> 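Input: one structure, supplied below.
FYI, side chains are in, hydrogens and waters are out, and symmetry mates aren't considered; it's all heavy atoms of this structure. Predicted, not measured: the structure shown is a model, and the values here were computed from it.
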Amino acid sequence: MLILNPDIVRFGSHAWSDVSLIAIDRSARRLIEDQADAGPFATFVDVPEQSITIRVQRTLAATDADDPALGDAGDLEFFFATPGAELERRRITIHCAVTGIRTDLPTGSRPAAKTIEFRAFSEDGSDPMSDETSPATEA
């Protein structure tokens with residue numbers, strides 16, 4: 001999932017208005033794949049364990065010291081409107097922990113950017129990501 005220029009992004013006590021993109025990647029941590037004698041392709045695939053990695057990229061225009069600490073855990077929450085559905089706003093909430101912070105210095109016409117990486121987790125094994133749709137007037 002790729003979200004460009006979300007309206008509001010919050011993580012714990014941090015609120016960022018300069019987020020240029022949020023990328024959410026799901027990947028298999030354990031993969032079960034069975035083959036049959038009938039052909040070269042898999043006949044069954046299952047993903048019993050998966051991982052969710054979230055990258056929040058911010059465009060920095062001034063001094064920035066608003067970083068969470070590595071290992072900080074909480075809810076990452078962001079709002080955005082789906083293109084073509086201006087009357088609806090989506091809210092994504094992901095329970096996660098900070099796993100990395102990288103600052104890219106400005107080069108040429110590209111401004112300085114900071115990427116904060118999170119790993120989603122759930123204490124009870126359920127999906128740590130929720131997606132809600134509400135009227136655009138809510139935030």
> Closest heavy-atom contact between Leu4 and Leu21?
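Closest pair (atom of Leu4, atom of Leu21, distance): CD2-CB, 3.9 Å.
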> Are Arg119 and Ile52 close enough, and set up right, to give a side-chain contact (heavy atoms from CB on, under 4.5 Å), and what steps lead you there?
CA-CA 6 Å; Arg119 182 68 55 95; Ile52 302 173; 5.9 Å; no
> Considering residues, nucleotides and ligands other than Asp124, do more than 12 of their heavy atoms fall under 6.0 Å from its CG?
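Check passes, neighbour count above 12.
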> Which heavy atom of Thr103 sits nearest a heavy atom of Leu60, and at what distance?
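Heavy atoms only, the tightest pair is CG2-CD1, 4.4 Å.
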> Can you see which heavy atom on Ile101 is nearest to which on Pro68, and at what distance?
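That would be CD1-O, 3.2 Å.
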> Is Arg26 salt-bridged to Asp127, cutoff N-O under 4.0 Å?
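Judged by the 4.0 Å cut-off on N to carboxylate O distance, Arg26 and Asp127 do form a salt bridge.
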> Please round to the nearest 0.5 Å and tell me the distance separating atom CD of Glu132 and atom CZ of Arg89.
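The CZ atom of Arg89 is 13.5 Å from CD of Glu132, to the nearest 0.5 Å.
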> Dump the intermediate steps for side-chain contact (heavy atoms from CB on, under 4.5 Å) on Glu117 and Thr53, then the final yes or no.
CA-CA 7 Å; Glu117 190 166 298; Thr53 302; 3.8 Å; yes
> Applying side-chain hydrogen bond (donor to acceptor under 3.5 Å, both in side chains) between Lys114 and each of Asp66, Asp67, Thr59, report the one that passes.
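Exactly one pass, corresponding to Asp67.
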> Given the rule in the salt bridge (charged side-chain N to carboxylate O under 4.0 Å, His left out) test, do Arg91 and Asp131 qualify, once you have shown the distances and angles that lead to the verdict?
CA-CA 6 Å; Arg91 178 177 71 182; Asp131 184 348; over 6 Å; no
> So, Asp75 side chain and Glu77 main chain: donor-acceptor pair closer than 3.5 Å or not?
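No.
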> Using the side chain to side chain contact (heavy atoms under 4.5 Å, CB included) definition, which of the options Ile24, Leu76, Ile3, Thr115 pairs with Val56?
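In the set Ile24, Leu76, Ile3, Thr115, the residue that makes a side chain to side chain contact (heavy atoms under 4.5 Å, CB included) with Val56 is Leu76.
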> Indicate yes or no for a side-chain donor-acceptor contact from Gln35 to the backbone of Pro40 under 3.5 Å, with no hydrogens or angles considered.
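Here the side-chain-to-backbone pair exists.
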> Using the rule given for side-chain contact (heavy atoms from CB on, under 4.5 Å), can you reason through Phe80 versus Ile92, listing the C-alpha separation, both sets of side-chain angles and the distance that settles it, and then say yes or no?
CA-CA 9 Å; Phe80 65 98; Ile92 305 281; 3.7 Å; yes
> Check whether any side-chain N or O of Ser20 sits under 3.5 Å from a backbone N or O of Gln57 as a donor-acceptor pair, and report yes or no.
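Yes, because the side chain of Ser20 sits within donor-acceptor range (under 3.5 Å) of the backbone of Gln57.
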> Specify whether Phe11 and Trp16 have parallel, tilted or perpendicular ring planes, treating 30° as the upper limit for parallel and 60° as the lower limit for perpendicular.
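Answer is parallel, since the angle falls under 30°.
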> Identify the heavy atoms of Cys96 and Ala120 that sit nearest to each other, and give their distance.
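Of all heavy-atom pairs spanning Cys96 and Ala120, the closest is CB-CA, 3.7 Å.
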> Quick one: pull up CZ in Arg10 and CZ in Phe78 and give me the separation to the nearest 0.5 Å.
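The CZ atom of Arg10 sits 12.5 Å away from the CZ atom of Phe78.
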> For the residue pair Gln50 and Arg29, confirm or rule out a side-chain donor-acceptor distance under 3.5 Å.
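No, because no side-chain N or O of Gln50 sits under 3.5 Å from a partner of the opposite role on Arg29.
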> Would you say the side chain of Ser51 lies within less than 4.5 Å of the side chain of Ser27, judging by non-hydrogen atoms?
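Yes, their side chains come closer than 4.5 Å.
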> Taking C-beta and beyond as the side chain, do Thr99 and Phe118 meet within less than 4.5 Å on heavy atoms?
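No - every pair of side-chain heavy atoms lies 4.5 Å or more apart.
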> Any idea which heavy atoms bring Ala36 and Thr43 closest together, and the distance?
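Looks like CB-CG2, 3.4 Å.
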> Any carboxylate oxygen within less than 4.0 angstrom of a Lys/Arg side-chain nitrogen, looking at Glu49 and Arg30?
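Answer for the salt bridge query: yes.
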> For a 4.5 angstrom cut-off between non-hydrogen side-chain atoms, does Phe79 reach Arg90?
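When only atoms from C-beta onward are counted, Arg90 and Phe79 do not touch, as no gap falls below 4.5 Å.
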> Tell me whether Leu70 shares a hydrophobic cluster with Ile116, the cluster being built from Ile, Leu, Val, Met, Phe, Trp, Tyr side chains joined at under 4.5 Å.
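Yes; Ile116 is reachable from Leu70 via cluster members.
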> What distance separates Ser17 OG from Arg58 CZ, expressed to the nearest 0.5 Å?
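It is 8.0 Å, given to the nearest 0.5 Å.
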> Output, in order, the C-alpha distance, side-chain angles, deciding distance and verdict of side-chain contact (heavy atoms from CB on, under 4.5 Å) for Ile94 and Ile54.
CA-CA 9 Å; Ile94 307 171; Ile54 306 100; 3.9 Å; yes
